[in-house]
2 protein chains.
Amino acid sequence: MKLREGVEWAVHCCINLSWVSPDTTVPAARLAAFHDLPTAYLNKQMNALGREGIVASRSGPRGGFRLGRPPQDITLMDVAAAIDGSAQAFLCTGIRHHGPAGRITGQADARTPCTIAQAFSLAELEWRRNLAGRSIADLADAVQRANPAAPEHVRRWFDQP
Amino acid sequence: MKLREGVEWAVHCCINLSWVSPDTTVPAARLAAFHDLPTAYLNKQMNALGREGIVASRSGPRGGFRLGRPPQDITLMDVAAAIDGSAQAFLCTGIRHHGPAGRITGQADARTPCTIAQAFSLAELEWRRNLAGRSIADLADAVQRANPAAPEHVRRWFDQP
DNA sequence: GAACGGGTACTCGGATAACTATTGTCCGAGTGACTGTGG
DNA sequence: CCACAGTCACTCGGACAATAGTTATCCGAGTACCCGTTC
């Protein structure tokens with residue numbers, strides 16, 4: 001099981017965006033430069049965030065990205081789902097119905113849900129719930145507690161050309 | 001985030017193996033036939049289980065696989081880790097230290113753990129804990145409750161040549 | 001009749017190939033800002 | 001001096017290529033059984 005690398009990038013960018021003034025847009029190139037990431041690919045990830053309304057984008061000069069809604073309304077689950085997709089990690093292909101297994105168990109469990117899928121879904125639900133309980137604002141606060149000067153430093157770096 | 005398809009196969013096979021007598025070995029070909037799966041590939045997955053001691057294997061005529069330990073001592077996490085690997089889904093590449101970001105935040109958070117990685121690790125830990133709390137025996141019982149005749153049917157099918 | 005040795009068929013296990021998904025790159029469409037001109 | 005139109009540079013967004021990971025297949029090594037032979 002593996003999460004796409006872009007999730008890490010996206011979360012960092014969202015935190016950074018939460019620290020610059022909410023009405024200033026930051027180009028993907030600048031966001032990428034801050035962490036020394038490939039610009040075009042980060043842009044692609046930001047697009048994905050844009051499709052979900054997590055960030056708002058604007059083209060042209062003075063264009064770029066800004067948060068689409070307050071950082072306390074953006075959860076880690078939102079970001080992960082936007083970048084990595086919201087499909088279940090364990091997807092039941094129903095092999096219990098295939099081949100002799102299907103004929104043997106018969107229609108007894110044709111209607112009952114797959115026990116295995118249920119177990120994995122439950123675990124995954126906990127995972128989702130956990131991520132959904134953490135907002136970008138929460139993380140930004142936590143970072144600030146560990147390094148109080150960080151927000152100001154970041155804001156200043158993004159403000160200067 | 002996506003779990004390999006082999007995880008589903010492996011769990012099903014473990015449950016089936018828990019229902020045949022513990023000292024009979026079942027060839028991969030037979031396990032595969034039961035669910036109409038590609039034999040060689042399932043064999044590969046069973047190899048992975050074997051490396052972790054989840055199943056024991058024997059070559060030659062009358063060879064095959066059997067559970068390596070009692071089904072109540074095999075958790076879904078064990079199986080998932082054996083097939084899919086036990087690496088973290090979210091792996092922190094430390095981009096907060098790359099480029100200007102690293103110079104700006106300085107050594108203030110050089111020693112502090114990455115907040116983002118922590119958040120994802122926590123969620124993942126819950127996922128793991130959940131899967132580690134469910135054994136093959138648990139699932140087998142649940143299936144039996146839904147379909148009481150299943151164990152006997154499965155045992156009989158695997159016994160006959 | 002019993003023990004032994006060779007052959008055989010069967011099974012796992014790892015090496016190899018096909019395919020899919022992720023990662024990375026490029027270029028066009030759109031947009032706002034700037035500049036020069038005319039009133 | 002102010003308004004306006006044309007041009008330009010900048011940015012996103014999606015289309016296209018390279019790379020890595022997963023899925024599938026194949027063949028060799030090893031093992032237990034079976035059969036024929038010998039004591």
Side-chain angles (χ1 to χ4, degrees), chain A residues 1-10 13 17 23-33 35-66 68 80 82-87 89-91 93 95 158 161, chain B residues 1-10 13 17 23-33 35-66 68 80 82-87 89-91 93 95 158 161:
Chain A
M1 195 175 63
K2 192 165 147 288
L3 229 55
R4 295 189 204 170
E5 198 177 2
V7 174
E8 184 187 7
W9 303 359
C13 289
L17 285 177
D23 50 353
T24 62
T25 58
V26 182
R30 193 126 187 87
L31 284 169
H35 293 295
D36 200 18
L37 299 172
T39 300
Y41 191 31
L42 177 63
N43 187 35
K44 196 182 177 67
Q45 313 291 0
M46 297 304 290
N47 285 349
L49 295 186
R51 273 191 289 275
E52 301 297 322
I54 295 171
V55 300
S57 63
R58 215 177 56 178
S59 288
R62 297 272 173 167
F65 295 93
R66 60 180 171 78
I83 302 291
D84 202 67
S86 52
F90 180 98
L91 49 90
T93 59
I95 64 170
F158 276 104
Chain B
M1 194 174 65
K2 191 164 148 291
L3 230 56
R4 294 188 204 171
E5 197 177 3
V7 173
E8 184 187 8
W9 302 0
C13 288
L17 285 176
D23 50 352
T24 60
T25 58
V26 182
R30 194 126 186 85
L31 284 170
H35 292 295
D36 200 18
L37 299 172
T39 300
Y41 191 33
L42 178 63
N43 186 36
K44 194 181 180 63
Q45 313 290 1
M46 298 304 290
N47 285 349
L49 294 186
R51 272 192 291 275
E52 301 297 323
I54 294 170
V55 300
S57 63
R58 215 177 56 179
S59 288
R62 297 273 174 166
F65 296 92
R66 59 179 171 78
I83 302 290
D84 201 68
S86 52
F90 181 98
L91 49 90
T93 59
I95 65 170
F158 277 105

Please report the distance, rounded to the nearest Å, between [atom1] in [X] and [atom2] in [N].
X: A:Met46; N: D:dG13; atom1: CE; atom2: C1'; value: 13 Å
X: B:Phe65; N: C:dT11; atom1: CZ; atom2: P; value: 11 Å
X: B:Asp36; N: D:dA24; atom1: CG; atom2: P; value: 12 Å
X: B:Leu37; N: D:dT25; atom1: CG; atom2: P; value: 12 Å
X: B:Arg58; N: C:dT11; atom1: CZ; atom2: P; value: 11 Å
X: A:Gln45; N: D:dC12; atom1: CD; atom2: P; value: 14 Å
X: B:Asn43; N: C:dG14; atom1: CG; atom2: P; value: 10 Å
X: B:Ile83; N: D:dA24; atom1: CD1; atom2: P; value: 13 Å

As a test of reading the structure: which of [options] is closest to the side chain of [X], going by heavy atoms?
X: B:Arg51; options: C:dT23, C:dG14, D:dT11; result: C:dG14
X: A:Pro27; options: C:dT11, D:dC33, D:dT11; result: D:dT11
X: B:Glu5; options: C:dG24, D:dG30, D:dT23; result: D:dT23
X: A:Asn47; options: D:dC12, D:dT22, C:dT11; result: D:dC12
X: B:Ala40; options: D:dT25, D:dC12, C:dG24; result: D:dT25
X: B:Tyr41; options: D:dC12, D:dT23, C:dG24; result: D:dT23
X: B:Lys44; options: C:dC12, D:dA24, D:dC12; result: D:dA24
X: A:Trp9; options: C:dC12, C:dG24, C:dT31; result: C:dG24
X: B:Arg62; options: D:dC33, D:dC12, D:dA24; result: D:dC33
X: B:Pro61; options: C:dG24, D:dG13, D:dA32; result: D:dA32

Query raised in the report: What nucleic acid atoms does A:Ala29 come within less than 4.0 Å of, heavy atoms only: base, sugar-phosphate, or nothing?
Result: nothing
Please round to the nearest 0.5 Å and tell me the distance separating atom [atom1] of [X] and atom [atom2] of [Y].
X: B:Glu8; Y: B:Ile83; atom1: CD; atom2: CD1; result: 12.0 Å
X: B:Cys13; Y: B:Ile54; atom1: SG; atom2: CD1; result: 12.5 Å
X: B:Leu49; Y: B:Arg51; atom1: CG; atom2: CZ; result: 9.5 Å
X: B:Leu17; Y: B:Thr24; atom1: CG; atom2: OG1; result: 8.0 Å

Query raised in the report: Is a side-chain N or O of A:Gln45 found less than 3.5 angstrom from the main chain of A:Trp9, in a donor-acceptor match?
Result: no
Query raised in the report: Can you name the nearest heavy-atom pair linking B:Thr25 to B:Arg58, along with the distance?
Result: OG1-NH2, 4.3 Å
**Report entry** First of A:Thr39 and B:Gly63 reached from the 5' end of DNA chain C, by closest nucleotide
**Finding:** B:Gly63
Query raised in the report: Which comes earlier along DNA chain D counting from the 5' end, the contact point of A:Ser57 or that of A:Lys2, where each point is its nearest nucleotide?
Result: A:Ser57
